[in-house]
Amino acid sequence: VFTNIARISDQKNQELLIDVFKRLNDESVNAILLIIGGIRHKHIYNKIKMKATKNVFFLGELDNATDYLFVSDFFCLSSLWEGMPISLIESFSIGCIPICTPAGGINNMLSNDKNGYITDDFTIDSYYKAVISCINLKTKKIRNLKISCNQSFDKEYSILICSTSYQKYFQKILNNANIT
């Protein structure tokens with residue numbers, strides 16, 4: 001089970017995922033894609049909905065989208081540009097292995113084969129290869145990747161880490177202003 005949590009828009013590039021999962025379907029690979037997110041661009045939604053095969057499910061905008069990562073094997077993000085995606089941080093916190101395109105800040109968050117996978121580029125072939133390699137992972141490797149995702153969250157993105165960073169930053173400002 002692969003899950004994409006992102007609004008349907010040009011930026012999020014779900015058409016790439018639709019093309020990859022069409023190829024998987026055509027090859028009788030047993031994999032499904034859940035797409036969770038609101039429709040920001042109706043013309044894009046209509047286009048990808050028409051292209052989607054029986055292994056792709058559009059769930060719409062959900063209040064409990066992150067819950068789906070608990071029952072997913074992989075988190076998919078196919079964005080053309082990004083900052084630091086909250087959905088990627090959420091996947092780390094749950095231990096859901098991400099497969100992402102090399103957009104923006106994602107390159108600073110993921111290390112191939114350590115806490116997820118970054119495709120070589122934004123092409124169907126590149127994303128397809130990443131998905132197939134993930135499908136073929138051994139159980140022990142999957143377990144280690146999940147642990148690594150959790151560790152990435154704990155070391156870099158947890159609320160404790162975030163609040164400590166803000167506290168240090170504000171203390172530095174106060175020290176530089178000679179305010180106590």
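These numbers were taken from a predicted model, which means no experiment stands behind them.
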Original post:
Side chains of Glu27 and Tyr128: donor-acceptor distance under 3.5 Å anywhere?
Top reply: yes
Original post:
Cut-off 3.5 Å, side chains only: do Asn115 and Ser152 have a donor facing an acceptor?
Top reply: yes
Subject >> Side chain to side chain, Arg40 and Ile8, heavy atoms closer than 4.5 Å >> reply: no
Subject >> Check: Asn4 side chain, Ile36 main-chain N or O, donor-acceptor pair, under 3.5 Å >> reply: no
Side chains of residues 63-72: which donor-acceptor pairs under 3.5 Å do they make with residues two or more places apart or in other chains?
| residue | atom | partner | partner atom | Å |
| --- | --- | --- | --- | --- |
| Thr66 | OG1 | Glu90 | OE1 | 3.3 |
| Ser72 | OG | Thr3 | OG1 | 2.5 |
| Ser72 | OG | Tyr68 | O | 2.6 |

Subject >> Criterion side-chain contact (heavy atoms from CB on, under 4.5 Å) on Lys51 and Lys22, from CA distance to verdict >> reply: CA-CA 8 Å; Lys51 289 176 75 171; Lys22 180 184 184 323; 5.9 Å; no
**OP:** State which residues pass salt bridge (Lys or Arg N to Asp or Glu O under 4.0 Å) with Asp125; sequence neighbours excluded, sorted by chain then number.
**Re:** Arg23
**OP:** Classify the angle between the aromatic ring planes of Phe2 and Phe74 as parallel (below 30°), tilted (30 to 60°) or perpendicular (above 60°).
**Re:** parallel
Subject >> Within 6.0 Å of NZ in Lys47, more than 12 heavy atoms from elsewhere >> reply: no
Original post:
Should the heavy atoms of other residues, nucleotides or ligands under 6.0 Å from CG of Asn30 be counted, would the total exceed 12?
Top reply: no
Original post:
Once you round to the nearest 0.5 Å, how far does CD1 of Ile18 lie from CG of Asn25?
Top reply: 11.0 Å
Subject >> Rounded distance (nearest 0.5 Å) linking atom OH of Tyr157 with atom CD1 of Ile161 >> reply: 11.0 Å
**OP:** Check Asn150 against Phe92 and note the closest heavy-atom contact, atom names and distance.
**Re:** ND2-O, 3.2 Å
Original post:
More than 12 non-hydrogen atoms from neighbouring residues, nucleotides or ligands closer than 6.0 Å to NZ on Lys141, yes or no?
Top reply: yes
Original post:
Which residue pairs pass the side chain to side chain donor-acceptor pair (under 3.5 Å) test with at least one member in residues 77-89, sequence neighbours excluded?
Top reply: Lys12-Glu82, Ser79-Glu82
**OP:** Could you please spell out the steps behind the side-chain contact (heavy atoms from CB on, under 4.5 Å) verdict for Val131 and Ile99?
**Re:** CA-CA 7 Å; Val131 168; Ile99 307 169; 4.2 Å; yes
Original post:
Could you go step by step and tell me if Cys100 and Thr119 meet the side-chain contact (heavy atoms from CB on, under 4.5 Å) rule?
Top reply: CA-CA 6 Å; Cys100 302; Thr119 61; over 6 Å; no
**OP:** Taking Ser148 for its side chain and Lys114 for its backbone only, find out whether a donor-acceptor pair lies under 3.5 Å.
**Re:** yes
Subject >> Ser133 side chain to Ala130 backbone, donor-acceptor under 3.5 Å >> reply: yes
